[in-house]
Amino acid sequence: MIYSTKTLKMAVMGDPIDHSLSPFMHGAIIEKHGYDALYIPVRVAPDETERFAETAAYMGFCGFNATMPHKIRLLDSVDQLDEKASLYRAVNTVRIRDGVLTGSNTDVDGLMAALDGRGIRPDGQKIMIIGAGGVAGALIRGFSAAGAASVTVLNRTLSSAEKAVDGIRGAFARQMTLEHLSETAAGSDIIINCTPLGMTGVEDDFRDLTFLDDTRAFVVDLIYNPWQTRFLQYAEKKGLQTMNGLPMLIHQGLLSFQLFTDYSLDIDEEYKYLYELCKERLHC
Ligand code: NAP
């Protein structure tokens, strides 16, 4: 590929960033359509969010994705927030036009599209979220706005869960103990792991998964590497319906790509294309 000043420049920034599947995914779309565009991974230290955002604008990038630990910091490092980023209080997508950075969020719509693909609608559902970090915070607001009956957040650090649910109607915080996990799981319709527990390269994992013994919930892990975490394996053995993090990752990526480039994609077609490619890439 020969690049020019017209080439659309995009990136994903984070720390760590090596594990990210986004460059592969966006690169595959660029290659498939022959777009004059590039998408690169950039390792950006936690305290360099603003510096990267300014540099991307200066270098004429049309946008970039953000992953850990920049999603919250970007709220203050962009020029404006769109409706989604304002509502979900996290930025995973930044669109740049004429040097103006607009923060957006495609994580929540990405998960909602992934659930929809499995015939699941969040309205009226009791949601259990494990973890209270950046992505959990956005999902709590997303499920609440989508009309969930309740959103219960269980976290290792109770104060973070309390902060995450603060001011959100129908959202509750609990300490992440086996007793609370079991009690909440039994009354939930959808359970989502929003922690890195069980992820490749992370030593920690759920010590006891018996909290899934008495639930009939649809079980989601936002992790896609490994393809099936112990958490999902256990749920599946119990006969529960499960979904890993890949459908969400692909949907959020396609939404971001459209925001960066203004290209209109056939989402169903591109989703199927990327799902098979990514699955193969993850050696499944
Ligand atoms: P984050 O902001 O760093 O939050 C991590 C959360 O996990 C915190 O609540 C933290 O609890 C908890 N946690 C970390 N280590 C733990 C441990 N050893 N035991 C118990 N709890 C622990 O991360 P994030 O951005 O929200 O991302 C969370 C996960 O979602 C990651 O695995 C990420 O890869 C995945 N993700 C997937 C997608 C996708 O498209 N599939 C999109 C975004 C994120 P404390 O508050 O106690 O520290």
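Since we're looking at a predicted model, the values are computed, not measured. Order of appearance sets the numbers: ligands from 1, and atoms from 1 within every ligand.
For the salt bridge (charged side-chain N to carboxylate O under 4.0 Å, His left out) test, residues two or more places apart in sequence or in another chain that qualify with Asp213 are Lys238.
Ionic pairing of Glu276 and Lys279 is not present here: no N-O contact between side-chain nitrogen and carboxylate oxygen is shorter than 4.0 angstrom.
For residues 184-213, every residue pair satisfying the ring-ring contact (aromatic ring centres under 6.0 Å, His included) rule, not counting sequence neighbours, is listed here: Phe206-Phe211, Phe206-Phe231. Residue pairs meeting the ring-ring contact (aromatic ring centres under 6.0 Å, His included) criterion with at least one member in residues 53-99, sequence neighbours excluded, are Phe52-Phe64.
When all heavy atoms of Asp47 and Arg73 are compared, the closest pair comes out as N-NH1, 4.1 Å.
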Ligand 1 polar-atom proximity to protein (N/O, under 3.5 Å):
| residue | atom | partner | partner atom | Å |
| --- | --- | --- | --- | --- |
| ligand 1 | 2 (O) | Gly134 | N | 2.9 |
| ligand 1 | 9 (O) | Ala132 | N | 2.8 |
| ligand 1 | 9 (O) | Gly133 | N | 3.4 |
| ligand 1 | 9 (O) | Asn155 | OD1 | 2.8 |
| ligand 1 | 11 (O) | Asn155 | OD1 | 3.2 |
| ligand 1 | 18 (N) | Arg156 | NH1 | 3.3 |
| ligand 1 | 18 (N) | Asp204 | OD2 | 2.9 |
| ligand 1 | 26 (O) | Gly134 | N | 3.2 |
| ligand 1 | 26 (O) | Val135 | N | 2.9 |
| ligand 1 | 40 (O) | Leu249 | N | 3.4 |
| ligand 1 | 41 (N) | Leu222 | O | 2.9 |
| ligand 1 | 41 (N) | Gly245 | O | 3.0 |
| ligand 1 | 46 (O) | Asn155 | ND2 | 2.8 |
| ligand 1 | 47 (O) | Arg156 | NE | 3.0 |
| ligand 1 | 47 (O) | Thr157 | N | 3.2 |
| ligand 1 | 47 (O) | Thr157 | OG1 | 2.5 |
| ligand 1 | 48 (O) | Arg156 | NH2 | 2.9 |

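Tested against Arg95, the residues Thr102, Asp82, Thr261, Asp262 include a single side chain to side chain donor-acceptor pair (under 3.5 Å) partner, Asp262.
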